Every structure is written in structure tokens, then in C-alpha cells.
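To start, the structure itself, in C-alpha cells.
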Amino acid sequence: MTSLIDADEAGFFGDHGGRFVPPHLETPIAEVAAAYAEARQDPQFQAEYEALLADYVGRPSPLFLAEGLTRHLGGARIYLKREDLNHTGAHKINHCLGEGLLAKRMGKKKLIAETGAGQHGVALATAAALLGLECEIHMGSIDIAKQRPNVVRMELLGAKVVSVESGGRCLKDAVDSAFSVFASDYHDTFFAIGSVVGPHPYPSMIRDFQSIVGREARGQILAKEGRLPDVLVASVGGGSNALGLFTAFLEDESVRIFGVEPGGKDLDVVGEHAATMTLGTPGTLHGMRTLVLQDTDGETWPVHSIASGLDYPAVGPQHAFLKDVGRAEYVSVSDAETLEAFQLLCRTEGIIPALESSHALAHAARLAPTMGADEIIVVNLSGRGDKDIDYVAEKLGR
């Protein structure tokens, strides 16, 4: 049987993955692959990384029984993996520190990346400041307007924020912009992709750095309940927080796995959603073969999500593979359902979640009442919602 976890030597998960880059980028991306292959086998690199996770990020993050939410919904007990309590407020810091350490190991002087909601940008700017590296973040102008607090954070941390005005002015366009700059200056620059997307080795590398989430959650739920959960739920844009949680449970057939993507305003209208797993078709984007929201000529569709971190017209190749083999189920929730879930967690638990995480909460709210009181759902609360408060207030007319 094909491994559910590891890509093959060419970076493919089944039919998805690989490395599809222009000839002049083959060498620098291959150098990243070689450097990471060495680093992951180096006890000193791993020890330095793990020490930063503990002493700088504040890991392990708690696994919290959401009793108020559970009572309100009825049915299954809901646990929240509290990645929102990490330094910088989301799961992104887990892989940004790993990428920063790898960049230093390779002798690079600068980190460059894209960001959507700004959480990857803030985390990368944080890692760059800590490790003494320059940092440049490309961000769509629409997302800059929606996520102004995170733009300020990045600038305070010393990063240069580049406003992307091309295309749809959102996450896909920020990736395009950052890649173009990297292509002209890769000798001193490390491209720090912000999710489990892109050319090999990035999907596997980012997943590995994020897998701490699931390893912790597995140990924590066994300690608290004496058994594994019945269901895992996480939001999926590119898919890093989801694979962070899922990986430790992929071989446990008793655990159902749900990835939740943005249904946006209307699944039937191009440009009003970002439901790649629901409506995407096989294609190539940003150096990988995966599912893509595209027309019959291979042109990517415009996308929309109330959550800037999810408005991406493709998905990590391992997610596409997990869908193909039936190991994970992928569903969508609308902007309206997401806003309801956002408010529900605020009122039942005193926790303000990120809009990205609220997609996962919305599906957990669907599932819990259909399950028994002896059953368990674990939701990856991938980030906190401080960044979203002004935008949510505007949406709610407050």
C-alpha cells in the first residue's frame, strides 16, 4: 500500500505533488531539498528546533475540553487544540522557525514569503528577527486592507511588506509575486512557503514541521480520555494546520478526518468561494500538481473567502491524495456559517477564534449533535481572532 504519510522520491503523493519549476529554479529548489534531507537527520538541528518550540513558542499547546460549547451543541465532547496560544497567535510559527533555521544552515541572509491573513507573515517576520535574518513579505492589497493589524506587526518586527496589486490581489497573487522576486535573487534568499504547497520538498517539509500539533494532541487525548478521538476537524486552505493535526492519526482507521474549506458566498458562482477540494480539477500551480480551481483552459479562477488565509485556488498535494484514497473527507462551510461559529465560541468559551479556525468550528457544530455523548471531536483551533475583530465588526454591522 502507498504510504499515507510519505511522498515518493520525486515528491509525489499518488498522482499529486512533484516539482514543476522553471529550469533556472531547479537548482535552488533542489538545494533546499538536499539541505532539509540532511537537517532532518541531524540531532543538533532537531534539538535546536525543539528547544525553540518549547522555550520560545511555548509548546506544548493545551488540548482544552470546551464544556460550554459541548453543552450548547449537545452530543459529542469537543476538544480544542489551542494553537491560538502559541507565540504570534497561530500554528504558523511552528514551520517558520524550522524554515528560518534551515535558511541559516544554508547560509542565506534573507527570508521571502507570501501571506494571506498575515499570520504566516507575522510568524516569519518573528523568526527572522529572532535569527538575525532580513525578511520580505508579499501580501495582496485586498488582504492588507482586511488584516491591517498584522501588517503593522510585520513592519514592527522589521519586515518589508510588499502590497500586491496584480490579479485578484489576494493569496495566489502574493505567491506569484514572491516567487518572481525569489527567482531573481535566490543566492542569498530562502523562499519560506507558508503552507503544505509548492514544489517538492515544501509540502513534506512544512508538514513535518507542523506534525508536532498532532503528536501532542495524540498524547494529550490518550492521557485525558484513555483513547483516541472519534473525529478530527481542521480548516483547509493550503492545508498546513490540518496536516499538522492529521498526520499522527492517518494510520488509525477508527479516527474519521474532516478537512473544512471555504464555501464562501455561493458555491455555484465562480469567484464567490475557494472550495478547491469540492470543485477543483487536476492541474499544476506554484510548482506542484494538485487540485486547482480552474477553467477548461487551465486558467485559475478568482476565489473568495471571509478568511484571508483560505482564499487560495489550490490545495496541498497530500490533501488531494488523501481525498483520492478516501482517508480524509473534505467539506465546505459558508461565510455565514463561519461567522456564526466565530460568535458561538466567543460566547460559550470566552475564546475569540481566527476566521480560518471558525470554518473548522462550524463543521464541528454540525457534527456534534449527530454523535453520542461518549464520542469525541478534536478541532484544531489554528489561530486567534484578534486580527479579525475589526473586519468581523464591520460584517456584523457594529
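These numbers were taken from a predicted model, which means no experiment stands behind them.
- With salt bridges taken as basic N to acidic carboxylate O contacts below 4.0 Å, one links D252 and R218.
- Criterion: ILVMFWY side-chain heavy atoms under 4.5 Å apart, direct or through other members. Under it, V270 and L279 are part of a common hydrophobic cluster.
- Checking side-chain atoms of D295 against main-chain N and O of G298 turns up a donor-acceptor pair under 3.5 Å.
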Does the salt bridge (charged side-chain N to carboxylate O under 4.0 Å, His left out) test come out yes or no for R366 and E337, once each step is laid out?
-> CA-CA 10 Å; R366 291 173 180 168; E337 292 172 294; 3.0 Å; yes

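- Without hydrogens or angle criteria, S358 side chain to L361 main chain gives no donor-acceptor distance under 3.5 Å.
- Sorted by first and then second residue, the pairs that involve residues 87-106 and meet ring pair (Phe, Tyr, Trp, His ring centres under 6.0 Å), not counting sequence neighbours, are Y56-H87, H95-H120.
- Under the 4.5 Å side-chain heavy-atom criterion for grouping Ile, Leu, Val, Met, Phe, Trp and Tyr, L310 is not connected to V122 through any hydrophobic cluster.
- Donor-acceptor pairing under 3.5 Å is recorded for the side chains of S235 and N241.
- Between F179 and F182, the two ring planes are perpendicular [angle over 60°; tilted spans 30° to 60°].
- Put simply, CD on E136 and OG1 on T189 are 8.0 Å apart, with the number rounded to the nearest 0.5 Å.
- Donor-acceptor pairing under 3.5 Å is recorded for the side chains of S357 and S382.
- Here L396 is tied into one hydrophobic group with I306, L339, F342, I352, L355, I389, Y391, V392, each link being a pair of ILVMFWY side chains closer than 4.5 Å.
- In summary, R227 and D230 engage in a salt bridge, as defined by a charged side-chain N under 4.0 Å from a carboxylate O.
- Under a hydrophobic clustering in which Ile, Leu, Val, Met, Phe, Trp and Tyr are joined whenever their side-chain heavy atoms come within less than 4.5 Å, directly or via other members, V325 and I5 fall into the same cluster.
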Counting only pairs under 3.5 Å, give me each side-chain donor-acceptor contact of residues 67-76, with atom names and distances, residues two or more places apart or in other chains.
residue : atom : partner : partner atom : Å
T70     : OG1  : A66     : O            : 2.8
T70     : OG1  : I78     : N            : 3.1

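- Looking only at side-chain heavy atoms (C-beta outward), R289 and P317 stay at 4.5 Å or farther from each other.
- Between E216 and K81 a salt bridge is recorded (basic side-chain N to carboxylate O distance below 4.0 Å).
- In this structure, the side-chain contact (heavy atoms from CB on, under 4.5 Å) partners of S177, at least two apart in sequence or on a different chain, are H138, V164.
- K172 contributes atom NZ, which lies 4.0 Å from atom CG of D176 (distance to the nearest 0.5 angstrom).
- Hydrophobic cluster membership is shared by V32 and L124, with clusters built from Ile, Leu, Val, Met, Phe, Trp and Tyr side chains linked at under 4.5 angstrom.
- In this structure R40 satisfies the side-chain contact (heavy atoms from CB on, under 4.5 Å) test together with Y36, Q46, D208, sequence neighbours excluded.
- Residues that satisfy the side-chain contact (heavy atoms from CB on, under 4.5 Å) test with A10, not counting sequence neighbours, are D8, F12.
- Residues E272 and L267 form no side-chain contact, since every pair of their non-hydrogen atoms from C-beta on lies 4.5 Å or further apart.
- Residues V303 and V331 do not share a hydrophobic cluster, clusters being chains of Ile/Leu/Val/Met/Phe/Trp/Tyr side chains in contact below 4.5 Å.
- Residue pairs that meet the salt bridge (Lys or Arg N to Asp or Glu O under 4.0 Å) test with at least one member in residues 346-357, sequence neighbours left out, are E356-K387.
- Here E99 does not pair with R105 in a salt bridge; the nearest charged N to carboxylate O distance is not below 4.0 Å.
- Distance alone, capped at 3.5 Å, places no donor-acceptor pair between the T276 side chain and the L293 backbone.
- Using a 3.5 Å distance cut-off with no hydrogens or angles, the side chains of S61 and E83 do pair a donor with an acceptor.
- The salt bridge (Lys or Arg N to Asp or Glu O under 4.0 Å) analysis of residues 373-386, with sequence neighbours excluded, yields the pairs R384-D386.
- Without hydrogens or angle criteria, Y330 side chain to A275 main chain gives no donor-acceptor distance under 3.5 Å.
- Using modelled atom types and a 3.5 Å distance limit, the side chains of S211 and R207 yield no donor-acceptor pair.
- Counting only residues at least two apart or in different chains, ring pair (Phe, Tyr, Trp, His ring centres under 6.0 Å) contacts with residues 271-304 comprise H286-Y312.
- Under the ring pair (Phe, Tyr, Trp, His ring centres under 6.0 Å) criterion, H363 pairs with F258, not counting sequence neighbours.
- Taking all atoms of both residues into account, the shortest heavy-atom contact from S308 to Q147 is OG-NE2, 3.7 Å.
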Go through the steps to decide whether L243 and L322 satisfy the test side-chain contact (heavy atoms from CB on, under 4.5 Å), and finish with yes or no.
-> CA-CA 10 Å; L243 282 180; L322 292 175; 4.0 Å; yes

Donor-acceptor contacts under 3.5 Å from residues 190-203 side chains, at least two apart:
residue : atom : partner : partner atom : Å
S195    : OG   : G239    : N            : 3.2
S195    : OG   : S240    : N            : 3.3
Y202    : OH   : F191    : O            : 2.7

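- Between E155 and K160 there is no salt bridge, since no side-chain nitrogen of the basic residue lies less than 4.0 Å from a carboxylate oxygen of the acidic one.
- Comment: K109 does not engage E134 in a salt bridge, judged by the lack of any side-chain N to carboxylate O separation of less than 4.0 angstrom.
- Listed by chain and residue number, nothing satisfies the ring pair (Phe, Tyr, Trp, His ring centres under 6.0 Å) test with F64 (two or more places apart in sequence, or in another chain).
- For the residue pair P353 and L381, the shortest heavy atom distance occurs at CB-CD1, 3.8 Å.
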